[in-house]
Amino acid sequence: MRPRICVTALLLHILGCLASGQPGQPRIGFVYPAGGQVGTSLKVHVAGQFLEGVRGVYISGDGIEAKVVDYNRPTNPMQAQQLRERLAELQRASRDPNVVQQIAQIRRLLATARPQNPTMAEIATIQLQIAGNAKKGVRSLRLYTQRGLTNPLRFCIGDLPEYNEPASTLPQARQAQSQPGPAVEVSLPIVINGQILPGQVDRYVFDARAGQELIAVVMARSLIPYLADGVPGWFQARLALYDPSGRQVAYCDNWRSEPDPVIAYKVQSDGRYTIEIADALYRGREDFVYRLIIGQIPFVADVFPLGCRADTEARFELSGWNLPAGQITVDTKGLASGIHHLDLPSINQVLFAVDDLPEAMCQGDRPLRIDVNRAQVINGRLTHAKQVFEFAAAKGQHIVSEVYARRLGSPLDGILRLIDAAGNVIAVADDFNDPASGLVAHQADPVMEVNLPSDGTYRLELADTAGKAGLEYAYRLRIGPPVQDFQVLAWPSGLTLRPGDRAVLNIRAVRKDGFAGPIRLSLDAGSPLALEGGIIPAGVSDLRVTIAAPVDVCEAVWPLVLQATGRIGDRTITRPVIAVDPQIQAFAYTHLVPTDGHVVYIAPGRLQVGLIRTMERLPIQIRPGGQAVVNLRGPLPMVLRRFEVRLDDGPGGVSIKDVVLQPGAGQLILEASRDVKPGLAGNLIILLEATMGRQTQTPMQPAARPGRIAYLPAIPFVVQVASDD
């Protein structure tokens, strides 16, 4: 019995160490398989870090039931060594049934040795039931754990049969492959879910008939847009198709400007065909997850025009393969200005733009005469080296030209040149970085803003930087006087709160064509949450606000719907706030990647900080070199005497001078430096920190480590002009 007692104690010790862990934000690195068929039940592996205590699954949209059925956190090297030593002892002991059982248990633990990338070391297994009427498309999947809500990853719902390659989650499966494995037989149409490990090449064989228009579409980069620790920063899949004789008949490693490959092939003869997928650089790891869709299925290659005016019934021309019709009519009534998805019977998603401006069409290759005294949108196709737009204008006239092409899926890499009547190039515009288009890795749409130097006739030339042209090179050109507008982005897309807690939401206002007015943020009517500091001051682009949870709510997951409202001239404009998450690409580049909405997880527990309120008329006004008082109400003595109060990433020149406590009340004394710039405005985010351990430093005991506890309500402020004295 002694061996069993010893190994049981060792296992309990190791499992206890695994459960303790170091504090960290829970994150998921991949979901496999990354989709499922309607009307089916399946198990899905979600790999990540700091997932211990996983409590549930959140999937956007309706029609999916999900629950966590297993969690595995692998051993680290030290724990693995302890297990190996104990295994050696047991193998020398007598082989009674208890010893054999302990040996098997240790071997199972050793089989989960920590992989090289700890961000994918932990695996939660979830059981999904997808309803037969679940809406097809791309959803967001998150876990919520004892540490909070994870980042979202994409999960796809479709109606085609699915094949799942066995999950690659064991260390022995991570070894580089020197030879392709045996091909797997499949029947079309099908969705194949797989993972590419180092050097791995996956091959699938299927029967095809002469005359079939086969489409093979890969979802890889579209599942996980950016990898922080890889170059080029995503899984760059490649596809190759072989006929029955083994001859390669099609190859693709991207689709136009999109990294995910697409093959369209008309079958020449009956027989067994082979399709091969691998990484173009022969890299591989567990988060190189893919969905390969093959069959005689509809695929839209091009749509024209790329957009239309709001509140109209617009007709779009479609081209591609296996399409039921060459045209589609779309009613845009109620659609806000911006980019939307066309609802098409296609395996791929197609984008189109909606605008409030008059629309025109550019036909042929001759120069188009336009009127720039009013703003308009011109739809066209670059079918030759360049398209010329001619207009007459007066000296000092302010003209804005903006191309929408790459942001709408067109391969056009546009460049604009403005030329006066004498042939002089007045201005050139190339790539413009649109913060709201974080999924576009290569921002290739130009924007030009210019005050014309003289009266006369001008030519605006649109071309592709590589000199390419064709029917697929569609564009939308907005030209004319400035059209002021705005978009508002907010991150993170997932917030974790306890009842009575607050979280900080980062806000970015993307101001267009000189719009500088204030923007008011608001929560959807009926939301139990509270938004604090929700006015973006005039001229300000970046702001931080606080979201507060009620104190009397149980554990829950809620959507957070925000709107932004601004006044432009005599119009009041309301835009939905776009949920985004910062993602790093290839160690260097940061993108704000849109998600399908904000989510708030109310975790168990309660914080009395949520009862604290500001009593001032906001915004707080402070002068350079002066002070201002913020009165607070709530359980301040109970809360603030235990915590340190400080500004979190505060604006330069404004600080907290003192904190005054009174029964049931208190004051924050703010101070502005003499050199702070008048007009500075925004929100002050007040952080409460507690010390962990001893409060003072001694030779034998280091000073206490501060820890984040909670936030006070965001406090709007503005720096006034200094007084005369």
Enquirer: Please identify each residue that fulfils side-chain contact (heavy atoms from CB on, under 4.5 Å) with P481, with sequence neighbours left out.
Expert: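 If we apply the side-chain contact (heavy atoms from CB on, under 4.5 Å) test to P481, skipping adjacent residues, the hits are A375.
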Enquirer: Applying salt bridge (Lys or Arg N to Asp or Glu O under 4.0 Å), run through D159 and K136 and close with a yes or a no.
Expert: CA-CA 7 Å; D159 57 3; K136 296 182 294 181; 3.1 Å; yes
Enquirer: Which residue is it: N683, N506, L505? I am looking for the one with a side chain to side chain contact (heavy atoms under 4.5 Å, CB included) to R544.
Expert: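 Only one of N683, N506, L505 forms a side chain to side chain contact (heavy atoms under 4.5 Å, CB included) with R544, namely N506.
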Enquirer: Regarding D581 and Q583, is there a side-chain donor-to-acceptor distance under 3.5 Å anywhere?
Expert: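 No, no side-chain donor-acceptor contact under 3.5 Å.
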Enquirer: Can you label the angle between the F389 ring and the Y475 ring as parallel, tilted or perpendicular, going by 30° and 60°?
Expert: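 F389 vs Y475 ring planes: perpendicular.
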Enquirer: Rounded to the nearest 0.5 Å, what separates atom CG in D434 from atom CD1 in I339?
Expert: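 It is 7.0 Å, given to the nearest 0.5 Å.
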Enquirer: Can you tell me if Q268 uses its side chain to pair, donor with acceptor, with the backbone of V249 under 3.5 Å?
Expert: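 No, because the side chain of Q268 does not come within donor-acceptor range (under 3.5 Å) of the backbone of V249.
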Enquirer: Which atom pair, heavy atoms only, marks the closest approach of P537 to R511?
Expert: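 Taking P537 first and R511 second, the nearest heavy atoms are O-NH2, 3.2 Å.
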Enquirer: Hey, could you give me the OG/CD1 distance between S346 and I328, rounded to the nearest 0.5 Å?
Expert: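 Answer for the OG-CD1 pair, S346 versus I328, is 10.0 Å.
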Enquirer: If you take all heavy atoms of F304 and G380, which pair is closest and at what distance?
Expert: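 Scanning both residues, the minimum pair turns out to be CE1-O, 3.4 Å.
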Enquirer: Between D302 and R256, does any NZ, NE, NH1 or NH2 come within less than 4.0 Å of an OD or OE carboxylate oxygen?
Expert: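 Yes.
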Enquirer: Taking the basic N atoms (NZ, or NE/NH1/NH2) and the acidic carboxylate oxygens, is any pair closer than 4.0 Å for E276 and R238?
Expert: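 Answer for the salt bridge query: yes.
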Enquirer: Please check if the number of heavy atoms outside K512 that lie under 6.0 Å from its NZ is greater than 12.
Expert: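 Result for NZ/K512: enclosed.
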Enquirer: Could you check whether any side-chain N or O of Y32 sits under 3.5 Å from a backbone N or O of N193, counting only pairs where one atom can act as donor and the other as acceptor?
Expert: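 Judged by distance alone, yes, a pair lies under 3.5 Å.
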Enquirer: Would you give the length of the straight line joining atom CD1 of I297 to atom CH2 of W321, rounded to the nearest 0.5 angstrom?
Expert: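 The distance works out to 12.0 Å.
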Enquirer: With a 4.5 Å limit on heavy-atom distance, are the side chains of L489 and P435 in contact?
Expert: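 Yes. Closest side-chain heavy atoms under 4.5 Å.
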Enquirer: Any ion pair linking R285 and D287 (charged N to carboxylate O, less than 4.0 Å)?
Expert: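 Salt bridge between D287 and R285, a charged N being under 4.0 Å from a carboxylate O: yes.
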Enquirer: Answer yes or no: is there a donor N or O on one side and an acceptor on the other, between the side chain of H591 and the main chain of V593, under 3.5 Å?
Expert: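 Judged by distance alone, no pair lies under 3.5 Å.
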Enquirer: Can you name the one residue among F288, F30, Y226 that meets ring-ring contact (aromatic ring centres under 6.0 Å, His included) with F235?
Expert: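 That would be F288.
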Enquirer: Between D596 and R139, is there a side-chain N and carboxylate O pair less than 4.0 Å apart?
Expert: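 No, no charged N to carboxylate O under 4.0 Å.
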Enquirer: Under 3.5 Å, is there a donor-acceptor pair between the T574 and T565 side chains?
Expert: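 There is such a pair (donor and acceptor under 3.5 Å, judged by atom type) between the side chains of T574 and T565.
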Enquirer: Check this for me: R520, atom CZ, are more than 12 non-hydrogen atoms of other residues, nucleotides or ligands nearer than 6.0 Å?
Expert: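 No, not enclosed.
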Enquirer: Less than 4.5 Å apart, any side-chain heavy atom of M448 and any of L418?
Expert: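 Side chain of M448 against side chain of L418, heavy atoms only: contact under 4.5 Å found.
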Enquirer: If the threshold is 4.0 Å, N to carboxylate O, is there a salt bridge linking R478 and D355?
Expert: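 Salt bridge between R478 and D355, a charged N being under 4.0 Å from a carboxylate O: no.
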Enquirer: If you define the side chain from C-beta out and look only at heavy atoms, does anything of L351 sit under 4.5 Å from H340?
Expert: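 SC-SC contact between L351 and H340 ruled out.
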Enquirer: Could you label the plane-to-plane angle of the F316 and F352 rings as parallel, tilted or perpendicular, counting under 30° as parallel and over 60° as perpendicular?
Expert: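 Rings of F316 and F352: perpendicular, as their planes differ by over 60°.
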Enquirer: Strictly by modelled atom types, are S493 and R142 linked by a side-chain donor-acceptor pair under 3.5 Å?
Expert: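 Side-chain D/A pair, S493 to R142: present.
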Enquirer: C156 versus R291: any side-chain heavy-atom pair under 4.5 Å?
Expert: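 C156 vs R291: side chains touch.
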Enquirer: Show the nearest heavy-atom pair for residues V289 and Q195, with the distance to one decimal.
Expert: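 Heavy atoms only, the tightest pair is CG2-CG, 4.0 Å.
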Enquirer: Return the minimal non-hydrogen interatomic distance between I224 and G29, and the atom names on each side.
Expert: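 Residues I224 and G29, closest heavy atoms: CD1-O, 3.6 Å.
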Enquirer: Is there a side-chain contact between L292 and I294 in this structure, where contact means two heavy atoms from C-beta onward sitting under 4.5 Å apart?
Expert: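 Sidechains of I294 and L292: in contact.
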Enquirer: Is it true that R407 and D445 make a salt bridge, defined as a side-chain N closer than 4.0 Å to a carboxylate O?
Expert: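 Counted as a salt bridge, because a side-chain N and a carboxylate O are separated by less than 4.0 Å.
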Enquirer: Does V330 offer a backbone N or O that forms a donor-acceptor pair with the side chain of R315 under 3.5 Å?
Expert: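 Side chain of R315 to backbone of V330: no pair is present.
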Enquirer: Which atoms form the tightest heavy-atom contact between L521 and A564, and what is the distance?
Expert: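 Closest heavy-atom pair between L521 and A564: CD2-CB, 3.8 Å.
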Enquirer: Using a 3.5 Å distance criterion without hydrogens, assess whether the side chain of S410 forms a donor-acceptor pair with backbone atoms of A474.
Expert: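 Such a contact is found between S410 side chain and A474 backbone.
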Enquirer: Can any side-chain N or O of D279 pair as donor or acceptor with the backbone N or O of Q236 at less than 3.5 Å?
Expert: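 Checking the backbone N and O of Q236 against the side chain of D279, a donor-acceptor pair under 3.5 Å is found.
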Enquirer: Salt bridge check, E461 against R417: does any charged N sit closer than 4.0 Å to a carboxylate O?
Expert: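 Salt bridge: no.
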Enquirer: If you look at every heavy atom in P594 and V580, which pair is closest and at what distance?
Expert: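 Where P594 meets V580 most closely, the heavy atoms are CA-CG1, 3.8 Å.
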Enquirer: Determine, for D260 against R221, whether the closest basic-nitrogen to carboxylate-oxygen distance falls under 4.0 angstrom.
Expert: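 Looking at R221 together with D260, the answer is no, because their closest N to O distance does not fall below 4.0 Å.
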Enquirer: Using modelled atom types only, decide if a donor and an acceptor are shared between the side chain of Q443 and the backbone of S437 within a distance under 3.5 Å.
Expert: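 Checking the backbone N and O of S437 against the side chain of Q443, a donor-acceptor pair under 3.5 Å is found.
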Enquirer: Looking at side-chain heavy atoms only, is the closest gap between N373 and F391 below 4.5 Å?
Expert: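 Sidechains of F391 and N373: no contact.
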Enquirer: Is it the case that the side chain of E213 and the backbone of A264 share a donor-acceptor pair, with hydrogens and angles ignored and the cut-off at 3.5 Å?
Expert: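 Checked: no pair found.
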Enquirer: If we only count heavy atoms from C-beta on, is the H398 to E449 side-chain gap below 4.5 Å?
Expert: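 Contact flag for H398/E449 side chains = yes.
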Enquirer: Please check this pair: side chain of E258 against backbone of W255, looking for a donor-acceptor N/O pair closer than 3.5 Å.
Expert: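 Such a contact is absent between E258 side chain and W255 backbone.
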Enquirer: Going through the checks in order, is the salt bridge (Lys or Arg N to Asp or Glu O under 4.0 Å) test met by R575 and D485?
Expert: CA-CA 10 Å; R575 301 279 185 251; D485 204 344; 3.0 Å; yes
Enquirer: Answer yes or no: is there a side-chain heavy-atom contact under 4.5 Å between V138 and F155?
Expert: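 They are not in contact (no side-chain heavy atoms under 4.5 Å apart), so the answer is no.
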Enquirer: Between the main-chain N or O of R309 and the side-chain N or O of T332, is there a donor-acceptor pair closer than 3.5 Å?
Expert: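 Between the backbone of R309 and the side chain of T332 there is a qualifying donor-acceptor contact (under 3.5 Å).
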Enquirer: Do K468 and D464 sit within salt-bridge range, that is, some charged N less than 4.0 Å from a carboxylate O?
Expert: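 No, K468 and D464 are not salt-bridged.
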Enquirer: Heavy-atom count check: over 12 atoms from other residues, nucleotides or ligands less than 6.0 Å from Y589 OH?
Expert: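 No - once you tally the heavy atoms of other residues, nucleotides and ligands closer than 6.0 Å, there are 12 at most.
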Enquirer: Taking R476 first and then E402, would you say they form a salt bridge - that is, a charged N and a carboxylate O separated by under 4.0 Å?
Expert: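 No salt bridge links R476 with E402.
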